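The first residue of the sequence shown is numbered 1, and numbering continues consecutively from there. Atom set for the values below is all heavy atoms of this structure, side chains included, hydrogens, waters and symmetry mates excluded. Everything numeric here is computed off the predicted structure, so don't read it as measured data.
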Amino acid sequence: MRMELAGADNPRSRLESRSLLVRRFPLHTLLLMLVALLAFARLYYVTHQTPPAPAPGQAPGAKPPVKITPPDLGPAACRGLDAVLGDLLSPDGGASTSGDAGTAWSDARRQLGDCPTPPAAACARGPALASLAPLTARDGVPRELLATLCERCAPADNPCGQAVTRALQEAARRGNPDLQEAHWSLEHAGTALGAACQELVRQAVGPAAVTGADVEPRLLAMLEELAPTCVTTGQLPAPLLNAAAVQQGSRAPRLATLHTQGAVEAKAIEPDQQKGPGDAFRAFDRDELSGVKLSMAEVGSDGALRLEYAPTLKYAVSFQVLATGPGSLRAHIRAPDGVGRQEPGGTGFFVDPTVCRFRGTGRWEVCKPAVPLLDVDAVSVVPERPAVELKELEIIGAR
């Protein structure tokens with residue numbers, strides 16, 4: 001008994017026991033066993049964990065709603081800009097937060113300068129800024145702040161672009177909008193300049209270029225005020241502008257001054273196709289004794305006689321008419337969608353300025369518009385009474 005205990009306490013015996021254990025279970029095997037034990041413990045914890053209570057209104061067992069992270073609204077200067085502008089527009093002018101109104105305006109100008117694209121809420125402050133920034137104070141901080149806001153806001157939120165649209169609508173309703181304010185807004189519209197000029201074309205140029213439309217004088221004045229900016233920036237189609245200038249004549253004389261095209265070599269150009277009486281060719285046979293009689297019963301949207309050009313007549317410089325009985329000539333010029341009149345078949349839009357009114361004395365009459373008509377698709381002849389005979393018609397232009 002004593003001998004066995006002595007053998008158990010022998011260091012050599014213990015070393016042999018450990019050596020036997022290592023040989024039976026190598027080190028990498030022990031490590032794998034430890035990893036498996038930890039994995040089992042983790043799996044047991046996950047599968048036996050109590051599920052969270054469903055959110056109010058959520059069915060038991062349904063997956064919790066996905067949390068949506070709000071998008072970054074841009075630089076910090078943009079995120080706080082609306083609050084800063086709102087404080088400026090308060091009755092104390094921002095003095096409650098900065099202690100001095102002048103300092104508050106300067107800080108806002110600096111913050112706006114660090115914001116490349118202001119948020120929509122900040123852009124909506126534009127009208128309130130305009131009320132604090134009359135044009136007489138062009139160099140004031142409020143007007144400068146409004147100018148920067150307009151030049152940086154997106155087209156859909158641009159306060160200057162929206163100001164132009166409101167001015168046009170007010171003028172069309174026989175209102176009295178400030179022409180100089182609308183002009184300033186258009187010049188500072190930034191990325192909204194193209195949209196503002198398109199609105200000018202739709203609301204003013206189109207109505208001014210069609211026959212029979214009753215255009216308010218204030219709307220024509222607005223057109224004369226704003227058109228130069230759109231022409232200079234290439235945002236106003238020349239064919240529509242010239243059509244409006246011819247149709248309005250002395251009612252809007254400044255429109256004709258915007259035409260910068262030089263003189264062209266013009267000559268009489270016969271139409272490619274005629275729609276109307278079967279003997280319409282007699283108006284172009286260079287025989288002053290023959291002619292075509294125009295019936296009032298056949299007068300429609302295209303007149304009693306329609307003379308078409310394909311391709312279009314690039315320039316129509318003047319018109320010479322020999323007729324017995326009064327009437328008029330109208331040009332047909334294609335327009336963008338929503339501008340002017342719609343084609344009877346709904347295939348597009350056009351304007352139809354009256355380019356000549358003749359008395360029909362039996363002698364040659366010459367009509368020379370103040371500016372040439374551009375891209376003319378057709379010319380319609382419209383008699384003003386029965387028994388009008390068109391003996392000769394010469395359309396002078398170039399292709």
Side-chain angles (χ1 to χ4, degrees), residues 73 77-200 203-204 216-219 221-226 228-230:
L73 297 179
C78 294
R79 291 194 291 272
L81 184 59
D82 176 49
V84 171
L85 294 179
D87 188 49
L88 284 177
L89 296 170
S90 62
D92 61 6
S96 60
T97 56
S98 64
D100 177 65
T103 302
W105 282 96
S106 298
D107 292 344
R109 179 175 58 183
R110 190 179 307 109
Q111 182 168 343
L112 178 57
D114 294 335
C115 176
T117 306
C123 296
R125 304 282 187 180
L129 274 175
S131 66
L132 295 178
L135 277 176
T136 54
R138 289 178 181 270
D139 299 329
V141 177
R143 175 62 62 167
E144 180 183 346
L145 201 63
L146 176 61
T148 305
L149 194 67
C150 283
E151 290 166 358
R152 297 194 174 189
C153 284
D157 308 317
N158 195 282
C160 281
Q162 294 170 354
V164 173
T165 299
R166 287 195 302 270
L168 289 169
Q169 293 172 344
E170 185 179 353
R173 294 193 300 264
R174 299 184 180 182
N176 189 29
D178 189 323
L179 298 182
Q180 295 302 317
E181 183 71 33
H183 181 91
W184 186 93
S185 297
L186 183 65
E187 288 190 328
H188 292 81
T191 57
L193 176 62
C197 288
Q198 289 177 10
E199 199 65 23
L200 177 68
Q203 294 198 45
E216 291 297 322
R218 197 63 177 176
L219 185 59
M222 181 73 68
L223 173 56
E224 289 186 293
E225 184 68 34
L226 301 184
T229 299
C230 293

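Rounded to the nearest 0.5 Å, atoms CG (L200) and CG (L193) are 10.5 Å apart. Put simply, CG on N158 and NE2 on H188 are 11.5 Å apart, with the number rounded to the nearest 0.5 Å. From L129, atom CG reaches atom CD of E144 across 12.0 Å, with rounding to the nearest 0.5 Å. Here W105 contributes atom CH2 and D87 contributes atom CG; the two are 10.5 Å apart, rounded to the nearest 0.5 Å. How far CG of D82 is from CZ of R125: 4.5 Å, rounded to the nearest 0.5 Å.
C78 is listed as a side-chain neighbour of P116, based on a closest heavy-atom distance under 4.5 Å. A heavy-atom distance below 4.5 Å is not found between the side chains of L146 and L132. You'll find the side chain of L223 stays beyond 4.5 Å of the side chain of Q203, heavy atoms only. A heavy-atom distance below 4.5 Å is not found between the side chains of H183 and L186. Within the 4.5 Å cutoff, the side chain of E199 has no heavy atoms near those of the V164 side chain. A heavy-atom distance below 4.5 Å is found between the side chains of P127 and R166. Residues Q180 and E225 meet the side-chain proximity criterion, which asks for heavy atoms closer than 4.5 Å. By the 4.5 Å heavy-atom criterion applied to side chains, C150 and S185 are not counted as neighbours.
Across all their heavy atoms, D157 and C123 have their closest contact at O-CB, 3.3 Å. Nearest heavy atom pair, residue C153 against residue T191, reads O-OG1, 3.2 Å. Here the closest heavy-atom approach between residue R152 and residue C115 is recorded as NH1-O, 3.0 Å. Closest non-hydrogen pair, A128 versus L89, comes out as CB-CD1, 3.7 Å. Annotation for L112 and P118: closest pair CD1-CG, 3.9 Å, computed over non-hydrogen atoms. Annotation for P177 and M222: closest pair CG-CE, 3.4 Å, computed over non-hydrogen atoms.
E216 places no side-chain N or O within 3.5 Å of a backbone atom of A172 that could act as its donor or acceptor partner.
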